[in-house]
Amino acid sequence: MTTLEDLVNPGIRSLTPYEPGKPIEELAREQGLAPEEICKLASNENPLGPSPLALRAIREALPQVHLYPDGAGRLLREAIARHHDLSVENVVLGNGSNEIIELLFHVFVLPRSHEILCSRHAFAVYRLMAQLFDTPCRETPDPEFRHDLVAMRKAIGPNTRLIFVTSPNNPTGTRIPNHELKAFIEAVPRHAVVALDEAYVDFLDDPPPSLSWVREGRNVVLLRTFSKMQGLAGLRIGYGLAPAPIASWLQRARQPFNTNLLAQAAAIAALEDRDHTEKTRRIVGAGRARLEESFGQQGLEFVPSSGNFVMVRVGDGDALFHCLLRRGWIVRPLRSYGLAEWVRVSVGTPEEVTEFLEIFPAALSETRRALAPSEA
Ligand SMILES: Cc1ncc(COP(=O)(O)O)c(C=O)c1O
């Protein structure tokens with residue numbers, strides 16, 4: 001007899017869903033805590049909150065929410081194009097940059113015929129999307145958690161359609177040196193498209209000249225987001241920057257109203273909020289340095305990060321995660337990345353970093369004692 005499962009597409013049947021950071025409200029319910037007693041350092045959000053200019057734009061746009069948004073997102077695309085000195089035809093908007101990842105699959109990947117390529121501990125959504133599209137995802141090794149672009153170049157086969165390159169990468173925090181990235185982009189054969197995920201590029205002091213690769217018409221799509229530096233993760237707004245012919249195929253694949261009215265208004269305002277961007281950069285840089293210094297002093301292995309988070313080796317990541325949860329702190333365990341001994345900690349406000357570093361050693365010893373009860 002045919003079961004319901006038989007009706008489900010193979011890609012969905014085998015899918016392991018994405019594990020997002022635990023929401024504050026859920027932990028509050030579970031632990032009987034007030035939401036204000038909880039601190040979330042689990043999803044690489046902006047510790048300062050949203051751009052104040054974006055908040056004002058949202059308030060002004062609120063009375064219009066009975067109307068559909070501009071489906072083409074023309075004003076926001078023009079603002080993005082101006083901001084990057086590109087043309088509006090180079091810009092495609094997404095419901096978060098995650099949607100641009102999905103659009104890339106819709107446009108370029110034929111299920112069960114093509115394959116995609118990414119680095120071993122790269123952002124999980126590429127793999128997940130490959131599963132969804134019933135498409136093999138080849139992973140290249142990442143010595144010291146760094147992309148090995150020479151290995152990636154060698155791994156490109158005749159059926160490789162998409163190559164995901166992430167710099168800085170999440171969850172490792174490592175970046176690719178600009179000269180290596182440039183050499184790679186120039187060497188990729190024309191039958192493959194490079195999706196250069198730059199979700200955290202705003203945190204780099206010397207970003208790569210990636211916009212020039214769009215202007216030169218390379219087979220490249222830059223993935224950008226308003227979720228990190230601009231603090232608009234809850235609105236779900238991101239974009240792709242690509243040579244006009246690629247962008248126009250991506251446009252064709254998206255839903256008519258894929259980005260909402262409030263997100264479009266907020267993003268236009270946030271793009272020009274230099275004050276908020278500068279403050280964020282300063283606070284993240286200082287907080288990250290404090291986390292790294294403290295982890296080092298405690299003799300813990302950590303990966304020097306170029307993002308707004310740090311990955312640290314704690315022994316049993318799940319145990320520490322649960323121990324911190326009981327104290328009202330949410331970090332990100334990394335078992336799903338095959339990194340069961342590690343957790344990822346997002347940089348919080350200066351006060352949050354101070355408090356976190358105060359409670360962290362006790363939580364760590366508690367998990368270690370629980371692991372080795374006879375030595376306690
Ligand atoms: C490397 C990377 N790419 C893309 C995203 C997706 O961001 P969003 O969909 O919020 O724009 C994230 C989110 O954490 C990320 O870490």
Side-chain angles (χ1 to χ4, degrees), residues 17-23 40-47 50-51 54 73 76 80 91-105 116 118-130 132 139 142 145-147 162-176 181 194-204 207-208 210 221-241 250 254-255 258-260 263-264 266-267 270-271 284 288 303 305-311 330-332 334 336-337 339 344-347:
Y18 180 73
E19 244 179 71
K22 200 175 187 61
K40 183 178 173 212
L41 302 178
S43 299
N44 304 342
E45 290 141 339
N46 189 317
S51 142
L76 175 55
I80 291 170
V91 186
V92 52
L93 301 180
N95 196 266
S97 56
N98 271 338
E99 193 193 10
I100 309 289
I101 298 173
E102 183 174 352
L103 296 182
L104 283 163
F105 276 82
I116 70 145
C118 70
S119 179
R120 170 74 187 92
H121 297 102
F123 183 50
V125 169
Y126 322 135
R127 234 164 282 125
L128 194 138
M129 207 57 75
L132 201 61
E139 292 180 347
D142 60 343
F145 297 115
R146 293 175 187 282
H147 276 53
L162 289 177
I163 305 166
F164 287 93
V165 174
T166 325
S167 184
N169 182 43
N170 169 22
T172 59
T174 53
R175 68 166 296 180
I176 299 168
L181 195 50
V194 178
L196 178 57
D197 191 335
E198 299 194 311
Y200 302 95
V201 75
D202 295 331
F203 296 102
L204 294 179
S210 48
V221 179
L222 313 182
L223 307 180
R224 302 281 182 106
T225 181
F226 287 92
S227 298
K228 311 297 173 186
M229 185 58 95
Q230 283 81 20
L232 301 179
L235 286 177
R236 310 306 301 124
I237 182 88
Y239 56 100
L241 299 173
L250 294 169
R254 67 173 181 80
Q255 295 217 10
N258 64 330
T259 64
N260 73 73
Q264 289 182 19
L271 259 187
V284 165
R288 186 177 63 201
V303 183
S305 171
S306 298
N308 61 343
F309 53 88
V310 183
M311 190 171 102
I330 314 176
V331 297
R332 187 67 194 271
L334 296 173
S336 61
Y337 279 90
L339 297 167
R344 191 193 67 200
V345 184
S346 305
V347 178

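Positions are given from 1, in the same order as the sequence printed here. Atoms within each ligand, like the ligands themselves, are counted from 1 in listed order.
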Closest heavy-atom pair, S167 versus R175, reported as atoms and distance to 0.1 Å, is OG-CA, 3.5 Å
I need the minimum non-hydrogen distance between Q264 and L76, along with the two atoms involved. CA-CD2, 4.0 Å
Working to the nearest 0.5 Å, report the span between CG of D197 and OH of Y126. 3.5 Å
If you round to the nearest 0.5 Å, how far is CG of N260 from CG of L93? 11.0 Å
Counting both backbone and side chain atoms, is some N or O of T225 under 3.5 Å from an N or O of ligand 1? yes
Does Y126 reach ligand 1 with a nitrogen or oxygen that is under 3.5 Å from one of the ligand's nitrogen or oxygen atoms? no
Flag, side chain of N308 to backbone of V347, donor-acceptor distance under 3.5 Å: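 No.
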Does the distance from a Lys or Arg side-chain N to an Asp or Glu carboxylate O, for K228 and E45, drop under 4.0 Å?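 Judged by the 4.0 Å cut-off on N to carboxylate O distance, K228 and E45 do not form a salt bridge.
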Heavy-atom gap T166 to ligand 1 smaller than 4.0 Å: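 Within the 4.0 Å threshold, so yes.
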Quick one: does G238 get within less than 4.0 Å of ligand 1, heavy atoms only?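 False for this residue.
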Using distance alone, with no hydrogens and no angle criterion, decide if N46 and Q230 have a side-chain donor and acceptor under 3.5 Å apart.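 Q230 and N46 do not have a side-chain donor-acceptor pair below 3.5 Å.
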Nearest protein heavy-atom contact for [atom]: which residue, which atom, what distance?
atom	result
atom 12 (C) of ligand 1	F123 CZ, 3.4 Å
atom 10 (O) of ligand 1	S227 OG, 2.6 Å
atom 9 (O) of ligand 1	R236 NH2, 2.7 Å
atom 7 (O) of ligand 1	S97 OG, 3.3 Å
atom 13 (C) of ligand 1	K228 NZ, 3.4 Å

Which part of [X] is near ligand 1, with near meaning a heavy atom under 4.0 Å away: side chain, backbone, both or neither?
X	result
F226	neither
E99	neither
D197	side chain

Which atoms of ligand 1 are found less than 4.0 Å from any heavy atom of Y200? 1 (C), 14 (O), 15 (C), 16 (O)
Please list, in number order, the atoms of ligand 1 under 4.0 Å from a heavy atom of N98.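 That gives atoms 6 (C), 9 (O) of ligand 1.
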Is the ring pair Y200/F309 parallel, tilted or perpendicular, if the boundaries are 30 and 60 degrees? perpendicular
Pair Y239 and F226, ring centroids less than 6.0 Å apart: yes
